[in-house]
**Q** 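Please see the structure below; I have some questions.
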4 protein chains.
Amino acid sequence: MKKKNGIFKYERIERDIKDRIGKGELRPGDLVKSEAEMVQQFQVSKMTVKTAMNRLADEGVVVRIQGKGTFVAPCAKR
Amino acid sequence: MKKKNGIFKYERIERDIKDRIGKGELRPGDLVKSEAEMVQQFQVSKMTVKTAMNRLADEGVVVRIQGKGTFVAPCAKR
Amino acid sequence: MKKKNGIFKYERIERDIKDRIGKGELRPGDLVKSEAEMVQQFQVSKMTVKTAMNRLADEGVVVRIQGKGTFVAPCAKR
Amino acid sequence: MKKKNGIFKYERIERDIKDRIGKGELRPGDLVKSEAEMVQQFQVSKMTVKTAMNRLADEGVVVRIQGKGTFVAPCAKR
DNA sequence: GTGGTCTAGACCACG
DNA sequence: GTGGTCTAGACCACT
(Lines give C-alpha, C1' and ligand atoms only; values in the text may rest on other atoms or scores of the structure.)
Protein backbone atom coordinates (compact mmCIF):
# COMPACT_ATOMS: atom_id res chain seq x y z
CA MET A 1 0.00 0.00 0.00
CA LYS A 2 1.49 3.34 -1.02
CA LYS A 3 1.05 6.75 0.52
CA LYS A 4 0.29 9.92 -1.37
CA ASN A 5 0.83 13.26 0.33
CA GLY A 6 1.62 11.42 3.54
CA ILE A 7 -1.65 9.54 3.85
CA PHE A 8 -2.68 6.13 2.68
CA LYS A 9 -4.89 6.07 -0.38
CA TYR A 10 -7.54 4.12 1.48
CA GLU A 11 -7.65 6.88 4.11
CA ARG A 12 -8.62 9.34 1.41
CA ILE A 13 -11.55 7.11 0.47
CA GLU A 14 -12.61 6.56 4.08
CA ARG A 15 -12.44 10.31 4.68
CA ASP A 16 -14.55 10.98 1.57
CA ILE A 17 -17.34 8.65 2.66
CA LYS A 18 -17.34 9.98 6.21
CA ASP A 19 -17.42 13.54 4.91
CA ARG A 20 -20.42 12.79 2.74
CA ILE A 21 -22.21 11.29 5.72
CA GLY A 22 -21.23 14.30 7.84
CA LYS A 23 -22.64 16.68 5.23
CA GLY A 24 -25.83 14.66 4.98
CA GLU A 25 -25.17 13.78 1.35
CA LEU A 26 -25.27 10.16 2.47
CA ARG A 27 -27.83 9.20 5.05
CA PRO A 28 -28.41 6.02 7.07
CA GLY A 29 -29.71 3.30 4.76
CA ASP A 30 -28.42 4.98 1.60
CA LEU A 31 -26.67 2.86 -0.99
CA VAL A 32 -22.99 3.80 -1.25
CA LYS A 33 -21.23 3.73 -4.61
CA SER A 34 -20.15 0.27 -5.75
CA GLU A 35 -16.57 -0.97 -5.56
CA ALA A 36 -16.24 -0.73 -9.33
CA GLU A 37 -17.39 2.90 -9.39
CA MET A 38 -14.96 3.86 -6.64
CA VAL A 39 -12.11 2.23 -8.53
CA GLN A 40 -12.95 4.63 -11.37
CA GLN A 41 -13.58 7.67 -9.19
CA PHE A 42 -10.46 7.42 -7.03
CA GLN A 43 -8.24 5.82 -9.68
CA VAL A 44 -7.09 3.11 -7.33
CA SER A 45 -7.13 -0.70 -7.36
CA LYS A 46 -10.05 -2.78 -6.19
CA MET A 47 -7.94 -3.90 -3.25
CA THR A 48 -7.53 -0.32 -2.05
CA VAL A 49 -11.26 0.31 -2.23
CA LYS A 50 -11.87 -2.97 -0.43
CA THR A 51 -9.46 -2.02 2.36
CA ALA A 52 -11.20 1.32 2.81
CA MET A 53 -14.73 -0.08 2.80
CA ASN A 54 -13.89 -2.99 5.09
CA ARG A 55 -12.37 -0.55 7.57
CA LEU A 56 -15.55 1.52 7.44
CA ALA A 57 -17.57 -1.68 7.90
CA ASP A 58 -15.42 -2.65 10.91
CA GLU A 59 -16.02 0.80 12.39
CA GLY A 60 -19.76 0.35 11.88
CA VAL A 61 -20.01 3.23 9.42
CA VAL A 62 -21.30 1.09 6.57
CA VAL A 63 -22.88 -2.32 6.14
CA ARG A 64 -21.87 -4.47 3.17
CA ILE A 65 -24.33 -7.04 1.84
CA GLN A 66 -23.18 -9.49 -0.83
CA GLY A 67 -25.26 -9.32 -3.98
CA LYS A 68 -26.94 -6.10 -2.86
CA GLY A 69 -24.38 -3.41 -2.13
CA THR A 70 -22.79 -1.23 0.52
CA PHE A 71 -25.13 0.84 2.68
CA VAL A 72 -24.66 3.62 5.21
CA ALA A 73 -25.20 1.97 8.62
CA PRO A 74 -28.57 2.64 10.31
CA CYS A 75 -26.76 4.57 13.06
CA ALA A 76 -23.63 5.62 11.23
CA LYS A 77 -20.78 6.99 13.33
CA ARG A 78 -18.47 9.54 11.77
CA MET B 1 -24.11 -11.19 3.95
CA LYS B 2 -23.80 -13.59 6.85
CA LYS B 3 -22.28 -16.99 6.35
CA LYS B 4 -23.07 -19.62 8.95
CA ASN B 5 -20.02 -21.54 10.14
CA GLY B 6 -17.89 -20.11 7.39
CA ILE B 7 -19.72 -22.02 4.66
CA PHE B 8 -21.67 -20.79 1.70
CA LYS B 9 -25.42 -20.47 1.67
CA TYR B 10 -25.80 -23.13 -0.98
CA GLU B 11 -23.80 -25.51 1.22
CA ARG B 12 -26.27 -24.99 4.06
CA ILE B 13 -29.11 -25.95 1.73
CA GLU B 14 -27.26 -28.99 0.42
CA ARG B 15 -26.54 -30.11 3.96
CA ASP B 16 -30.16 -29.65 4.99
CA ILE B 17 -31.41 -31.92 2.21
CA LYS B 18 -28.75 -34.53 2.89
CA ASP B 19 -29.58 -34.45 6.59
CA ARG B 20 -33.26 -35.02 5.87
CA ILE B 21 -32.35 -37.97 3.69
CA GLY B 22 -30.00 -39.28 6.37
CA LYS B 23 -32.77 -39.06 9.00
CA GLY B 24 -35.22 -40.81 6.71
CA GLU B 25 -37.49 -37.74 6.49
CA LEU B 26 -36.88 -37.83 2.75
CA ARG B 27 -36.79 -41.21 1.07
CA PRO B 28 -35.82 -42.32 -2.44
CA GLY B 29 -38.47 -41.20 -4.91
CA ASP B 30 -39.88 -38.50 -2.62
CA LEU B 31 -40.67 -35.10 -4.07
CA VAL B 32 -38.38 -32.47 -2.59
CA LYS B 33 -39.68 -28.98 -1.84
CA SER B 34 -39.91 -26.69 -4.87
CA GLU B 35 -37.36 -23.98 -5.56
CA ALA B 36 -39.92 -21.31 -4.67
CA GLU B 37 -40.59 -22.90 -1.27
CA MET B 38 -36.88 -23.16 -0.54
CA VAL B 39 -36.44 -19.49 -1.43
CA GLN B 40 -38.90 -18.74 1.36
CA GLN B 41 -37.53 -21.31 3.82
CA PHE B 42 -33.86 -20.36 3.51
CA GLN B 43 -34.39 -16.69 2.69
CA VAL B 44 -32.10 -16.77 -0.31
CA SER B 45 -32.50 -16.02 -3.99
CA LYS B 46 -33.72 -18.56 -6.51
CA MET B 47 -30.26 -18.82 -8.07
CA THR B 48 -28.73 -19.86 -4.76
CA VAL B 49 -31.32 -22.62 -4.36
CA LYS B 50 -30.57 -23.68 -7.94
CA THR B 51 -26.84 -23.83 -7.23
CA ALA B 52 -27.48 -26.07 -4.23
CA MET B 53 -29.93 -28.39 -5.95
CA ASN B 54 -27.88 -28.65 -9.13
CA ARG B 55 -24.86 -29.63 -7.06
CA LEU B 56 -26.94 -32.33 -5.36
CA ALA B 57 -28.12 -33.48 -8.78
CA ASP B 58 -24.50 -33.65 -9.98
CA GLU B 59 -23.68 -35.77 -6.94
CA GLY B 60 -26.58 -38.06 -7.74
CA VAL B 61 -28.46 -37.24 -4.53
CA VAL B 62 -31.52 -35.86 -6.33
CA VAL B 63 -33.01 -35.94 -9.79
CA ARG B 64 -34.51 -32.78 -11.26
CA ILE B 65 -37.20 -32.98 -13.93
CA GLN B 66 -38.29 -29.81 -15.71
CA GLY B 67 -42.01 -29.26 -15.38
CA LYS B 68 -42.36 -31.88 -12.64
CA GLY B 69 -40.08 -31.23 -9.71
CA THR B 70 -37.03 -32.41 -7.78
CA PHE B 71 -37.00 -35.96 -6.42
CA VAL B 72 -34.74 -37.88 -4.06
CA ALA B 73 -32.66 -40.17 -6.28
CA PRO B 74 -33.64 -43.87 -6.30
CA CYS B 75 -30.34 -44.74 -4.62
CA ALA B 76 -29.53 -41.49 -2.86
CA LYS B 77 -26.07 -41.11 -1.40
CA ARG B 78 -25.63 -39.03 1.72
CA MET C 1 -33.63 -12.79 -26.48
CA LYS C 2 -32.38 -14.38 -29.63
CA LYS C 3 -31.11 -17.91 -29.68
CA LYS C 4 -28.82 -18.86 -32.57
CA ASN C 5 -29.71 -22.20 -34.14
CA GLY C 6 -32.11 -23.04 -31.34
CA ILE C 7 -29.34 -23.50 -28.76
CA PHE C 8 -28.67 -21.68 -25.57
CA LYS C 9 -26.25 -18.83 -25.29
CA TYR C 10 -23.95 -20.77 -23.00
CA GLU C 11 -23.82 -23.55 -25.57
CA ARG C 12 -22.58 -21.08 -28.19
CA ILE C 13 -19.78 -20.06 -25.86
CA GLU C 14 -18.87 -23.66 -25.05
CA ARG C 15 -18.79 -24.49 -28.73
CA ASP C 16 -16.58 -21.49 -29.51
CA ILE C 17 -13.96 -22.55 -26.96
CA LYS C 18 -14.04 -26.16 -28.10
CA ASP C 19 -13.69 -25.06 -31.73
CA ARG C 20 -10.65 -22.95 -30.89
CA ILE C 21 -9.10 -25.92 -29.15
CA GLY C 22 -9.98 -28.15 -32.09
CA LYS C 23 -8.32 -25.72 -34.50
CA GLY C 24 -5.22 -25.49 -32.36
CA GLU C 25 -5.76 -21.79 -31.63
CA LEU C 26 -5.94 -22.75 -27.97
CA ARG C 27 -3.54 -25.38 -26.73
CA PRO C 28 -3.25 -27.29 -23.43
CA GLY C 29 -2.06 -24.95 -20.72
CA ASP C 30 -3.08 -21.78 -22.56
CA LEU C 31 -4.83 -19.03 -20.66
CA VAL C 32 -8.39 -18.63 -21.90
CA LYS C 33 -9.95 -15.18 -22.14
CA SER C 34 -11.26 -13.82 -18.84
CA GLU C 35 -14.95 -13.78 -17.96
CA ALA C 36 -15.06 -10.02 -18.38
CA GLU C 37 -13.64 -10.23 -21.90
CA MET C 38 -16.12 -12.93 -22.86
CA VAL C 39 -18.97 -10.79 -21.54
CA GLN C 40 -17.89 -8.18 -24.08
CA GLN C 41 -17.19 -10.62 -26.90
CA PHE C 42 -20.43 -12.59 -26.66
CA GLN C 43 -22.59 -9.75 -25.37
CA VAL C 44 -24.02 -11.78 -22.53
CA SER C 45 -24.06 -11.44 -18.77
CA LYS C 46 -21.29 -12.70 -16.53
CA MET C 47 -23.47 -15.51 -15.19
CA THR C 48 -24.01 -16.89 -18.69
CA VAL C 49 -20.25 -16.94 -19.29
CA LYS C 50 -19.83 -18.67 -15.94
CA THR C 51 -22.41 -21.31 -16.84
CA ALA C 52 -20.54 -22.04 -20.06
CA MET C 53 -17.08 -22.16 -18.52
CA ASN C 54 -18.18 -24.19 -15.51
CA ARG C 55 -19.72 -26.75 -17.84
CA LEU C 56 -16.44 -26.94 -19.76
CA ALA C 57 -14.63 -27.34 -16.44
CA ASP C 58 -16.98 -30.17 -15.47
CA GLU C 59 -16.23 -31.84 -18.80
CA GLY C 60 -12.52 -31.48 -18.14
CA VAL C 61 -11.94 -29.17 -21.10
CA VAL C 62 -10.66 -26.29 -18.99
CA VAL C 63 -9.36 -25.73 -15.49
CA ARG C 64 -10.47 -22.65 -13.57
CA ILE C 65 -8.30 -21.24 -10.80
CA GLN C 66 -9.67 -18.48 -8.59
CA GLY C 67 -7.44 -15.44 -8.65
CA LYS C 68 -5.48 -16.68 -11.67
CA GLY C 69 -7.71 -17.47 -14.62
CA THR C 70 -9.12 -20.19 -16.84
CA PHE C 71 -6.71 -22.51 -18.63
CA VAL C 72 -7.07 -25.16 -21.32
CA ALA C 73 -6.80 -28.50 -19.54
CA PRO C 74 -3.51 -30.39 -19.93
CA CYS C 75 -5.29 -33.13 -21.87
CA ALA C 76 -8.24 -31.18 -23.25
CA LYS C 77 -11.04 -33.16 -24.86
CA ARG C 78 -12.93 -31.59 -27.72
CA MET D 1 -58.55 -22.63 -22.09
CA LYS D 2 -61.89 -21.47 -20.69
CA LYS D 3 -64.08 -18.60 -21.76
CA LYS D 4 -65.68 -16.09 -19.45
CA ASN D 5 -68.53 -13.93 -20.72
CA GLY D 6 -68.02 -15.38 -24.20
CA ILE D 7 -64.38 -14.36 -24.61
CA PHE D 8 -61.17 -16.17 -23.85
CA LYS D 9 -59.35 -15.01 -20.75
CA TYR D 10 -56.23 -14.27 -22.74
CA GLU D 11 -58.25 -11.96 -24.97
CA ARG D 12 -59.15 -9.90 -21.93
CA ILE D 13 -55.44 -9.49 -21.15
CA GLU D 14 -54.52 -8.67 -24.76
CA ARG D 15 -57.33 -6.11 -24.86
CA ASP D 16 -56.12 -4.55 -21.61
CA ILE D 17 -52.57 -4.06 -22.89
CA LYS D 18 -53.73 -2.68 -26.22
CA ASP D 19 -56.10 -0.30 -24.47
CA ARG D 20 -53.30 1.03 -22.28
CA ILE D 21 -51.19 1.60 -25.37
CA GLY D 22 -54.14 3.28 -27.12
CA LYS D 23 -54.65 5.62 -24.16
CA GLY D 24 -50.96 6.43 -24.03
CA GLU D 25 -50.56 4.91 -20.57
CA LEU D 26 -48.01 2.58 -22.15
CA ARG D 27 -45.68 4.04 -24.73
CA PRO D 28 -43.15 2.48 -27.10
CA GLY D 29 -40.19 1.22 -25.12
CA ASP D 30 -42.08 1.08 -21.83
CA LEU D 31 -41.66 -1.95 -19.61
CA VAL D 32 -44.90 -3.91 -19.39
CA LYS D 33 -45.89 -5.61 -16.15
CA SER D 34 -44.17 -8.95 -15.53
CA GLU D 35 -45.84 -12.33 -16.02
CA ALA D 36 -45.98 -12.85 -12.26
CA GLU D 37 -47.71 -9.51 -11.67
CA MET D 38 -50.28 -10.21 -14.38
CA VAL D 39 -51.02 -13.59 -12.84
CA GLN D 40 -51.93 -11.70 -9.67
CA GLN D 41 -53.76 -8.86 -11.41
CA PHE D 42 -55.94 -10.96 -13.71
CA GLN D 43 -56.20 -13.96 -11.38
CA VAL D 44 -55.26 -16.38 -14.15
CA SER D 45 -52.56 -19.00 -14.61
CA LYS D 46 -49.11 -18.25 -15.92
CA MET D 47 -49.97 -20.17 -19.08
CA THR D 48 -52.87 -17.82 -19.82
CA VAL D 49 -50.67 -14.76 -19.38
CA LYS D 50 -48.05 -16.40 -21.57
CA THR D 51 -50.60 -17.09 -24.31
CA ALA D 52 -51.74 -13.48 -24.24
CA MET D 53 -48.26 -11.97 -24.26
CA ASN D 54 -46.95 -14.29 -26.95
CA ARG D 55 -49.90 -13.37 -29.16
CA LEU D 56 -49.10 -9.70 -28.62
CA ALA D 57 -45.46 -10.43 -29.41
CA ASP D 58 -46.47 -12.26 -32.59
CA GLU D 59 -48.57 -9.25 -33.58
CA GLY D 60 -45.59 -6.99 -32.99
CA VAL D 61 -47.27 -5.10 -30.16
CA VAL D 62 -44.68 -6.04 -27.56
CA VAL D 63 -41.13 -7.36 -27.52
CA ARG D 64 -40.14 -9.94 -24.91
CA ILE D 65 -36.52 -10.18 -23.82
CA GLN D 66 -35.45 -13.02 -21.57
CA GLY D 67 -33.92 -11.84 -18.33
CA LYS D 68 -35.05 -8.27 -18.92
CA GLY D 69 -38.79 -8.07 -19.41
CA THR D 70 -41.62 -7.35 -21.83
CA PHE D 71 -41.57 -3.99 -23.57
CA VAL D 72 -44.00 -2.08 -25.74
CA ALA D 73 -42.69 -2.43 -29.28
CA PRO D 74 -40.90 0.63 -30.74
CA CYS D 75 -43.68 1.01 -33.30
CA ALA D 76 -46.53 -0.70 -31.46
CA LYS D 77 -49.64 -1.52 -33.46
CA ARG D 78 -52.98 -1.56 -31.68
C1' DG E 1 -46.52 -24.37 -11.76
C1' DT E 2 -42.14 -26.90 -12.08
C1' DG E 3 -37.25 -26.42 -13.25
C1' DG E 4 -34.11 -23.84 -16.97
C1' DT E 5 -31.84 -19.86 -18.92
C1' DC E 6 -30.63 -15.10 -18.48
C1' DT E 7 -29.88 -10.17 -16.93
C1' DA E 8 -27.06 -6.60 -14.69
C1' DG E 9 -25.32 -5.78 -11.39
C1' DA E 10 -23.38 -6.36 -6.24
C1' DC E 11 -19.62 -7.99 -2.79
C1' DC E 12 -16.17 -12.07 -1.55
C1' DA E 13 -11.94 -15.08 -1.76
C1' DC E 14 -7.76 -15.64 -3.69
C1' DG E 15 -3.25 -14.77 -5.75
C1' DG F 1 -7.83 -8.45 -11.32
C1' DT F 2 -9.21 -13.30 -11.59
C1' DG F 3 -12.91 -16.53 -10.67
C1' DG F 4 -16.76 -17.42 -6.82
C1' DT F 5 -21.06 -16.46 -4.52
C1' DC F 6 -25.26 -13.94 -4.39
C1' DT F 7 -29.35 -10.82 -5.35
C1' DA F 8 -33.99 -10.01 -7.26
C1' DG F 9 -35.95 -10.27 -10.52
C1' DA F 10 -37.17 -11.38 -15.79
C1' DC F 11 -38.89 -14.71 -19.62
C1' DC F 12 -38.55 -19.83 -21.53
C1' DA F 13 -39.49 -24.92 -21.89
C1' DC F 14 -42.06 -28.44 -20.30
C1' DT F 15 -45.77 -31.23 -18.12
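Residue numbers start from 1 in every chain, and the chains themselves are labelled A, B, ... in the order their sequence lines are given, proteins ahead of strands. Please read all numbers here as calculations on a predicted model, not as lab measurements.
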**Q** Looking only at side-chain N and O atoms, does C:Y10 come under 4.0 Å of OP1 or OP2 in E:dC6?
**A**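 Negative; the distance criterion is not met.
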**Q** Taking the nucleotide of DNA chain F with the nearest heavy atom to each, does D:G69 or B:Q43 sit closer to the 5' end?
**A**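 Going by which nucleotide is closer to the 5' end, it is B:Q43.
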**Q** Looking only at N and O atoms, is any donor in the side chain of B:Q66 or the base of E:dT2 less than 3.5 Å from an acceptor on the other one?
**A**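 Looking at the base of E:dT2, it does not pair with any donor or acceptor on the side chain of B:Q66 (distance under 3.5 Å).
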**Q** Please figure out whether C:R55 or B:A36 has its closest DNA chain E nucleotide nearer the 5' end.
**A**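 In this pair, the answer is B:A36.
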**Q** Between A:K9 and A:E14, does any NZ, NE, NH1 or NH2 come within less than 4.0 Å of an OD or OE carboxylate oxygen?
**A**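 Looking at A:E14 and A:K9, the cut-off is not met.
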**Q** Calculate the interatomic distance between A:E37 atom CD and E:dA10 atom P; express it in whole Å.
**A**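 Whole-Å distance recorded here is 6 Å.
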**Q** Hey, could you give me the CG/CZ distance between A:D30 and A:F71, rounded to the nearest 0.5 Å?
**A**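 Atom-to-atom, A:D30:CG and A:F71:CZ are 9.5 Å apart.
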**Q** Nearest to the side chain of C:K9, which nucleotide is it out of F:dC6, E:dC6, F:dT2?
**A**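 Comparing F:dC6, E:dC6, F:dT2 against the side chain of C:K9, the answer is E:dC6.
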**Q** Is there a side-chain contact between B:K46 and B:M38 in this structure, where contact means two heavy atoms from C-beta onward sitting under 4.5 Å apart?
**A**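 Not touching, per the 4.5 Å side-chain cut-off.
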**Q** A:S45 and A:T48: side-chain hydrogen bond (donor to acceptor under 3.5 Å, both in side chains), yes or no, with the steps?
**A** CA-CA 5 Å; A:S45 74; A:T48 301; 3.3 Å; yes
**Q** When you compare the side chain of C:R20 with that of C:K33, does any pair of heavy atoms fall below 4.5 Å?
**A**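 SC-SC contact between C:K33 and C:R20 confirmed.
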**Q** Is C:T70 close enough to F:dT2 that one of its side-chain N or O atoms is under 4.0 Å from OP1 or OP2 there?
**A**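 No, because none of the side-chain N or O atoms of C:T70 sits under 4.0 Å from OP1 or OP2 of F:dT2.
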**Q** Do the non-hydrogen side-chain atoms of A:I21 and A:D19 ever get within less than 4.5 Å of each other?
**A**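 Side-chain contact under 4.5 Å: no.
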**Q** Send over the distance from B:F71 CZ to F:dT15 P, rounded to a whole Å.
**A**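 B:F71 atom CZ is separated from F:dT15 atom P by 13 Å.
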**Q** For a quick test of reading the model: is some side-chain N or O of D:K46 closer than 4.0 Å to OP1 or OP2 of F:dC11?
**A**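 Answer is no, no contact under 4.0 Å.
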**Q** Atom CE of D:M53 and atom P of F:dC12: how far apart are they, to the nearest Å?
**A**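 One finds 10 Å between P of F:dC12 and CE of D:M53, rounded.
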**Q** Supply the atom-to-atom distance A:E35 CD to A:R64 CZ, rounded to the nearest 0.5 angstrom.
**A**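 One finds 4.5 Å between CD of A:E35 and CZ of A:R64.
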**Q** The helix from E:dG1-F:dC14 to E:dC14-F:dG1: angle between its terminal axes, five pairs each, to 10°?
**A**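 Axis-to-axis angle, ends of the helix: 20°.
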**Q** Is C:K18 paired with C:E59 through a side-chain N to carboxylate O contact shorter than 4.0 Å?
**A**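 Salt bridge present between C:E59 and C:K18.
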**Q** Whole-Å distance between E:dG3 C1' and B:L56 CG?
**A**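 Result: 15 Å.
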**Q** Rounded to the nearest Å, what distance is computed from the CE atom of residue C:M47 to the P atom of nucleotide F:dA10?
**A**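 For the pair C:M47 CE and F:dA10 P, the rounded distance is 17 Å.
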**Q** Name the residue closer to the 5' end of DNA chain E, choosing between C:K68 and A:K68 according to the nucleotide with the nearest heavy atom.
**A**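 Between the two, 5'-proximity favours A:K68.
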**Q** Roughly, in whole Å, what's the span from CD in C:E35 to P in E:dA8?
**A**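 Spelled out: CD on C:E35 to P on E:dA8 is 16 Å.
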**Q** Which one, E:dA13, E:dC11, F:dT15, comes nearest to the side chain of A:K50?
**A**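 Of the candidates, E:dA13 comes closest.
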**Q** Verify the contact: side-chain N or O of C:R64 to OP1 or OP2 of F:dT2, cut-off strictly under 4.0 Å; return yes or no.
**A**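 For F:dT2, neither OP1 nor OP2 has a side-chain N or O of C:R64 closer than 4.0 Å.
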**Q** Does a side-chain N or O of C:T48 approach OP1 or OP2 of E:dT5 to a distance below 4.0 Å, or not?
**A**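 No, no such contact exists.
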**Q** Please tell me which of the listed nucleotides, F:dG3, F:dG9, F:dT5, lies nearest to the side chain of C:S34?
**A**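 It is F:dG3.
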**Q** Rounded to whole angstrom units, what separation is found between the CG atom of B:N54 and the C1' atom of F:dG4?
**A**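 One finds 16 Å between C1' of F:dG4 and CG of B:N54, rounded.
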**Q** Specify the separation, in whole Å, of atom CZ of B:F42 and atom P of F:dT5.
**A**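 Between P of F:dT5 and CZ of B:F42: 18 Å.
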